[in-house]
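Throughout, numbering of the chain's residues begins at 1 and tracks the sequence.
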Amino acid sequence: MALILIVAAALWGLGHLMDAPRQARWTMIGLLYVAVLAVHVALPQGHPLRAATGGSAGEWLVLGGLLGLVLAYRKGLARVRARVRPENRPAEAQPGTFATGEIDRYARHIVLREIGGVGQKRLKEARVLVVGAGGLGSPAMLYLAAAGVGTIGVVDDDDVEGTNLQRQVIHTDARIGKPKVFSAVDGMRAVNPHVTARPYRRRLDAEAAADLVGAYDLVLDGCDNFETRYLVNRACAEAGVPLIGAALSQWEGQLSTYAPATGTPCYECIFPSAPAAGLAPSCAEAGVLGPLPGVVGSMMAVEAIKELTGAGEGLRGRLLIYDALYGETRTIALKRRPDCPVCGDRPAPA
């Protein structure tokens, strides 16, 4: 038997030297196995060829059966792996640990006294949900991915259009017509393959919002309609998850962090009802400066990193307004509204 195994190894090595495909090399070994098995079945006991090949027919059948089981297992495992969706595949490193090269990638964060290694590990372990893959969500997601936020979810039901590309920088011309959430995932993974990006292609309803928000540590709302803003605010308040919300209009942007669980106002405290039709036209109707979402969306990412790492002072209880036309920034103090239907009955923390 040892002689046949040596011959099989020689055939494999010869095939490798000749650059023969793996399938061809396995075929040669298979033919050798069939020939040896035929010798033991067809020739009588004591025949010189049977003696030269060693063993018995039973031993060769057992060896062939074991090899078949190994090949069947490998093939089955490959099929299972192929069915795993990309966003659910295990990352190179375990949750909360850094893969090879990540420490160098985040070195400029780690040397910051306010973040350091501890803060970067918090970012690695963090889960952030971004509502809206448009003008505000685009820069926010790119910077969150670049910063090493471990898991980033994105919710949107639209497809990429040519008119988006003037300001929605996570998308590309080649991805026009593609669902925005999948385009956004491509953009984040291109920036940082170490993050887990989860796309949710849908329009939020109350049930879905509650389920999604509860699975994340922080929510960024950059959507373009008031119905979704109020829905996300309510879900975050009920789940006790901080919400960073922002909005745009022509040359102006605003953002704040809403965390009623810690005593600060929620979105509905400040904006009790949506404006009447025509008072807050959409970007398509009124226009918007292309770089403006980049500025405000990047601010959202800054506030998110501060919330997750505990660095500095965030925008809880404050509304930041940025006027791009005149280059002005101002901040307004916010207060909870006692009769707010979302958080008015929540006692302030001691």
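- Between Arg337 and Glu268 there is no salt bridge, since no side-chain nitrogen of the basic residue lies less than 4.0 Å from a carboxylate oxygen of the acidic one.
- Considering only heavy atoms from C-beta on, Leu243 stays 4.5 Å or farther from Thr257 through its side chain.
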query: For Met299 and Leu320, what are the C-alpha separation, side-chain angles and deciding distance, and is it a side-chain contact (heavy atoms from CB on, under 4.5 Å)?
result: CA-CA 10 Å; Met299 288 180 177; Leu320 187 150; 3.9 Å; yes

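- Distance check: Thr264 OG1 to Leu334 CG gives 9.0 Å after rounding to the nearest 0.5 Å.
- Clustering ILVMFWY residues whenever any of their side-chain heavy atoms sit less than 4.5 angstrom apart, transitively, puts Leu319 in the very cluster that holds Val219.
- Shown here for Gly162 and Ile176, the closest heavy-atom pair between the two residues is CA-CD1, 3.9 Å.
- Counting only residues at least two apart or in different chains, salt bridge (charged side-chain N to carboxylate O under 4.0 Å, His left out) contacts with residues 290-304 comprise Glu303-Lys306.
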message: Could you go through Met188 and Ile170, starting from their C-alpha distance and side-chain angles, then the distance that decides it, and tell me whether this counts as side-chain contact (heavy atoms from CB on, under 4.5 Å)?
response: CA-CA 8 Å; Met188 286 188 281; Ile170 203 168; 4.1 Å; yes

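- For the pair Val241/Asp217, no side-chain contact is recorded, criterion being any heavy-atom separation below 4.5 Å from C-beta on.
- In terms of heavy atoms, Gly317 sits closest to Pro265 at CA-CD, 4.0 Å.
- Residues Val288 and Tyr326 share a single hydrophobic cluster, defined by chaining ILVMFWY side chains whose heavy atoms lie under 4.5 Å apart.
- Following chains of ILVMFWY side-chain contacts shorter than 4.5 Å, one cannot reach Val195 starting from Val181, and the two form parts of different hydrophobic clusters.
- Between Ile152 and Val130 there is a side-chain heavy-atom pair separated by less than 4.5 Å.
- Contact check on Arg202 versus Asp157 returns no salt bridge, with no Lys/Arg side-chain nitrogen under 4.0 Å from an Asp/Glu carboxylate oxygen.
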message: Is there a side-chain contact (heavy atoms from CB on, under 4.5 Å) between Cys236 and Val232? Walk through the geometry before answering.
response: CA-CA 6 Å; Cys236 287; Val232 171; 4.1 Å; yes

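- Between the side chain of Asn164 and the backbone N or O of Glu161, at least one donor-acceptor pair lies under 3.5 Å.
- Contact record, Pro199 with Val185: CB-CG2, 3.8 Å, taken as the closest heavy-atom pair.
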- prompt: Can Gln120 and Glu102 be said to form a side-chain contact (heavy atoms from CB on, under 4.5 Å), step by step?
  reply: CA-CA 10 Å; Gln120 192 62 49; Glu102 280 196 278; over 6 Å; no

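- We find the CG-CD distance between Leu212 and Glu207 to be 10.5 Å, quoted to the nearest 0.5 Å.
- Remark: the backbone N or O of Gly314 is paired with a side-chain donor or acceptor of Arg318 at under 3.5 angstrom.
- Between Leu315 and Leu255, the closest side-chain pair of non-hydrogen atoms falls below 4.5 Å.
- Closest approach of Thr309 to Gly119, counting heavy atoms only: CG2-O, 3.5 Å.
- Judged purely by atom type and a 3.5 angstrom limit, Tyr230 uses its side chain to pair as donor or acceptor with the backbone of Ser273.
- Val111 and Val118 fall into different hydrophobic clusters, where Ile, Leu, Val, Met, Phe, Trp and Tyr residues are linked whenever their side-chain heavy atoms come under 4.5 Å apart, directly or through other members.
- Proximity of a side-chain donor or acceptor of Gln168 to a complementary backbone N or O of Lys180 within less than 3.5 Å is not detected.
- A salt bridge links Asp159 with Arg201; the closest basic N to acidic carboxylate O contact falls under 4.0 Å.
- Shown here are the ring pair (Phe, Tyr, Trp, His ring centres under 6.0 Å) partners of Tyr106, two or more places apart in sequence or in another chain: there are none.
- Nearest heavy-atom pair across Ala246 and Leu136 is O-CD1, 3.7 Å.
- Partner of Arg203 under the side chain to side chain contact (heavy atoms under 4.5 Å, CB included) criterion, out of Asn225, Asp158, Leu231: Asn225 alone.
- Inter-residue side-chain proximity for Lys178 and His171 is flagged as unmet; no heavy-atom pair is nearer than 4.5 Å.
- More than 12 heavy atoms of other residues, nucleotides or ligands lie within 6.0 Å of CD in Gln166, so this atom counts as buried by the packing criterion.
- To the nearest 0.5 Å, the span separating OG1 on Thr329 from OH on Tyr322 amounts to 6.5 Å.
- A pairwise comparison of heavy atoms in Pro139 and Pro293 identifies CG-O, 3.4 Å as the closest pair.
- By the rule that hydrophobic residues join a cluster once side-chain heavy atoms approach within less than 4.5 Å of another member, Ile244 and Val149 end up as members of one cluster.
- Partners of Phe226 according to the ring pair (Phe, Tyr, Trp, His ring centres under 6.0 Å) rule, which considers only residues two or more places apart in sequence or in another chain, do not exist here.
- Leu204 contributes atom CG, which lies 6.5 Å from atom OG1 of Thr228 (distance to the nearest 0.5 angstrom).
- In this structure, a donor-acceptor pair under 3.5 Å is present between the side chains of Arg316 and Thr262.
- Here the straight-line distance linking atom CG of Leu142 with atom CG of Leu144 works out to 9.0 Å at 0.5 Å rounding.
- Contact annotation: the side chain of Met141 approaches that of Val154 to within less than 4.5 Å [non-hydrogen atoms, C-beta and beyond].
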- request: Determine, stepwise, if the pair Ser183 / Arg175 fulfils side-chain hydrogen bond (donor to acceptor under 3.5 Å, both in side chains).
  value: CA-CA 7 Å; Ser183 174; Arg175 298 203 288 266; 2.7 Å; yes

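- A side-chain donor-acceptor contact under 3.5 Å links Arg336 to the backbone of Cys343.
- In this structure the side chain of Leu129 never reaches within 4.5 angstrom of the side chain of Leu220, judged on heavy atoms.
- Proximity of Ser256 to Ile270: side-chain heavy atoms (C-beta onward) are nowhere separated by under 4.5 Å.
- Although no hydrogens or angles enter the test, the distance criterion places a donor-acceptor pair under 3.5 Å between the side chain of Asp156 and the main chain of Ala133.
- Between Glu252 and the choices Leu292, Leu289, Ile321, Val296, the side chain to side chain contact (heavy atoms under 4.5 Å, CB included) rule is met once, by Ile321.
- Distance check, rounded to the nearest 0.5 Å: CD of Glu307 to CE of Met300 gives 12.0 Å.
- Enclosure of atom OH in Tyr143 is not indicated, since only 12 or fewer non-hydrogen atoms of other residues, nucleotides or ligands lie within 6.0 angstrom.
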